[in-house]
Amino acid sequence: MKTRIVGVIAASAMLAIAIFTSPALTQAGDDSKVVSTPNATITLTTFQAASVVIGQADFSGGFPNQGMGNPAADTVDGGLGSVGVGPTGAIYLSDYSNQRVLGFLAVPTSNDADADFVLGQPNLTSSGQGNAANQFGGPQSPYVSGKVLLVDDFYDSRVLIWKKAPTSDQVKANFVIGQAKFGTRNFACTAKGMNAPETISAAGGKLVVADSSNARVLIYNKIPAKNGQKANIVLGQNNFKTCVTLNSGTGTSGAPSDANFSYPAGVWTDGTRLVVTDEDENRVLIWNKFPKKNFQPADIVLGQPDFTSNVVNKNGSGGSGLPSAKNMNMPYDGVFSNGTQLFVDDQMNNRILVWNTFPTANFTPADVVLGQPNSTCGVENNDGTRCTEGGPCANNLS
């Protein structure tokens, strides 16, 4: 089932979710059904104000749980990663420090909206960690593929899978991967194990997991339908038993290359292309064709002029400088494409970079920046007067 909704970019920050809307309509059924068409384009301008904020009473708010201490239906404390969009238009938001996923039956159109349901907790005022089938240690990056909901549980080193995306409270997951079964919390460098995975993406029947603290990306040729299923392909490492940062190809740590990672945080795929943010190397790697073998090298790098560079805010001549439309400072969990545009969370520059056409060359400059009035500013909560820090507002990010 497909529904027509207003084109939406949801910037998941630590204490609030900002929604940017565009007059252009996007036809979408779920996260995995993105197509490269003019209708998919979201028209955005640099420093554009968001239209709606979730988790705060208004755009000037910035306290965890709105300063109340305990969670409520309209609060957030640590939203991390992507925003899941279900086949009926429901959206799923990570609320990491409240150990829950908030569900809205439709994209909110006004500030401070109450969630309609919650996963991981018995009600919208509860919090607390667990590793049962209806609990989270620390959820991130909800993702919907077809009818299936997947949630990355960073703290418990696992991914939870629901055969049908729930729309009611504390529904149990059907399957778990990264762990042999529900109720355990182990860290492993194997084809079945994980260590603090940050994000997930699924398309074309495939599942991609950023197994971040193992410095690798896991690929499943099919979305798992049983507990503890093995991954089929590993990127960033030359086998499933090696988990070193910047693998040199021999199982030892080396320098940055087109085939390794230091800390892969964000992943996105449409089943044909693959994008991975390598946070600690200040870069984004792109595979033009979906990888088919272990340790397969990427085709394109963003944020750096080549695959061997890893400088913060690379200035183009070997050193570190101011932010620019080309460089980055620790891009984190947020990476998404609607098939035409590419969106990257440039974390420590407090901005979202937008490419209006999918990049095809190294060090391609972004076309639009959200959260800053220009491409050379990177301050937290930019007040709009050049590069000056202020308080939270509809235009800025932290």
Side-chain angles (χ1 to χ4, degrees), residues 1-12 18-51 81-87 89 91 107 141 143-146 199-206 208 266-277 283-291 298-303 325-326 328 331-346 351-372 375 397:
M1 177 179 178
K2 292 188 177 182
T3 56
R4 278 186 83 78
I5 62 173
V6 176
V8 173
I9 294 297
S12 183
I19 299 177
F20 299 80
T21 62
S22 161
L25 290 176
T26 298
Q27 185 168 358
D30 58 68
D31 292 328
S32 65
K33 295 178 180 177
V34 293
V35 290
S36 182
T37 68
N39 285 340
T41 300
I42 301 171
T43 303
L44 295 165
T45 58
T46 291
F47 210 47
Q48 180 171 326
S51 304
S82 60
V83 176
V85 182
I91 64 170
V107 176
S141 302
Y143 200 93
V144 180
S145 179
T199 57
I200 51 183
S201 184
K206 305 177 183 72
V208 181
V267 292
W268 172 85
T269 186
D270 58 1
T272 300
R273 297 166 293 189
L274 173 65
V275 184
V276 178
T277 64
R283 64 183 187 171
V284 172
L285 302 180
I286 299 175
W287 285 257
N288 290 329
K289 293 185 178 180
F290 196 86
D299 300 296
I300 296 167
V301 62
L302 302 177
K326 290 185 174 183
M328 299 176 188
Y332 190 41
D333 285 357
V335 58
F336 178 75
S337 176
N338 53 22
T340 301
Q341 296 162 293
L342 178 66
F343 307 85
V344 172
D345 157 25
D346 187 11
R351 63 184 186 174
I352 304 292
L353 298 176
V354 183
W355 287 261
N356 283 331
T357 56
F358 208 89
T360 58
N362 294 349
F363 218 32
T364 300
D367 299 295
V368 174
V369 60
L370 301 176
Q372 303 291 342
S375 62
L397 297 169

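- Using modelled atom types, one side-chain atom of Y143 and one backbone atom of A202 make a donor-acceptor pair closer than 3.5 Å.
- For the salt bridge (Lys or Arg N to Asp or Glu O under 4.0 Å) condition, the pairs that include at least one residue of residues 351-370, sequence neighbours left out, are D346-R351.
- D299 contributes no side-chain N or O that, together with a main-chain N or O of W287, makes up a donor-acceptor pair within less than 3.5 Å.
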Pair F343-L44, side chain to side chain contact (heavy atoms under 4.5 Å, CB included): steps then yes or no: CA-CA 11 Å; F343 307 85; L44 295 165; 4.0 Å; yes
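- The line from CD1 of I300 to CZ of R283 is 13.5 Å long, rounded to the nearest 0.5 Å.
- The distance from atom CZ of F336 to atom CD1 of I352, rounded to the nearest 0.5 Å, is 12.5 Å.
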Step-by-step side chain to side chain contact (heavy atoms under 4.5 Å, CB included) determination, N356 to V368: CA-CA 8 Å; N356 283 331; V368 174; 4.1 Å; yes
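- Here the rule is side-chain contact (heavy atoms from CB on, under 4.5 Å) with P359, and of V284, V275, V301, L342 only L342 fits it.
- Residues L302 and T364 have side chains in contact (heavy-atom distance under 4.5 Å, counting atoms from C-beta outward).
- At least one donor-acceptor pair under 3.5 Å links the side chain of Q341 to the backbone N or O of I42.
- Between the side chain of T199 and the backbone N or O of S141, no donor-acceptor pair lies under 3.5 Å.
- Between T45 and L370, the closest heavy-atom pair is O-CD2, 3.6 Å.
- The only member of V335, V208, V267 that meets side-chain contact (heavy atoms from CB on, under 4.5 Å) when paired with V276 is V267.
- For A325 against S375, the heavy-atom pair with the smallest separation is N-CB, 3.6 Å.
- With a 6.0 Å cutoff to the six-membered ring centre and a 45° limit on the axis angle, R273 counts as a cation-pi contact of F358.
- In this structure, CH2 in W355 is found 15.5 Å from OG1 in T340, a value given to the nearest 0.5 Å.
- The shortest heavy-atom contact between S201 and W268 is OG-CA, 3.6 Å.
- Annotation: the span from S82 atom OG to D345 atom CG amounts to 11.5 Å, rounded to 0.5 Å.
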Worked verdict on V144 versus V85 for side chain to side chain contact (heavy atoms under 4.5 Å, CB included): CA-CA 6 Å; V144 180; V85 182; 5.9 Å; no
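- The heavy-atom pair separating F290 from K206 by the smallest distance is CE2-CD, 3.2 Å.
- Within the 3.5 Å criterion, the main-chain N or O of L274 finds no donor-acceptor partner in the side chain of T269.
- Shortest non-hydrogen contact noted between A298 and I286 is CB-O, 3.6 Å.
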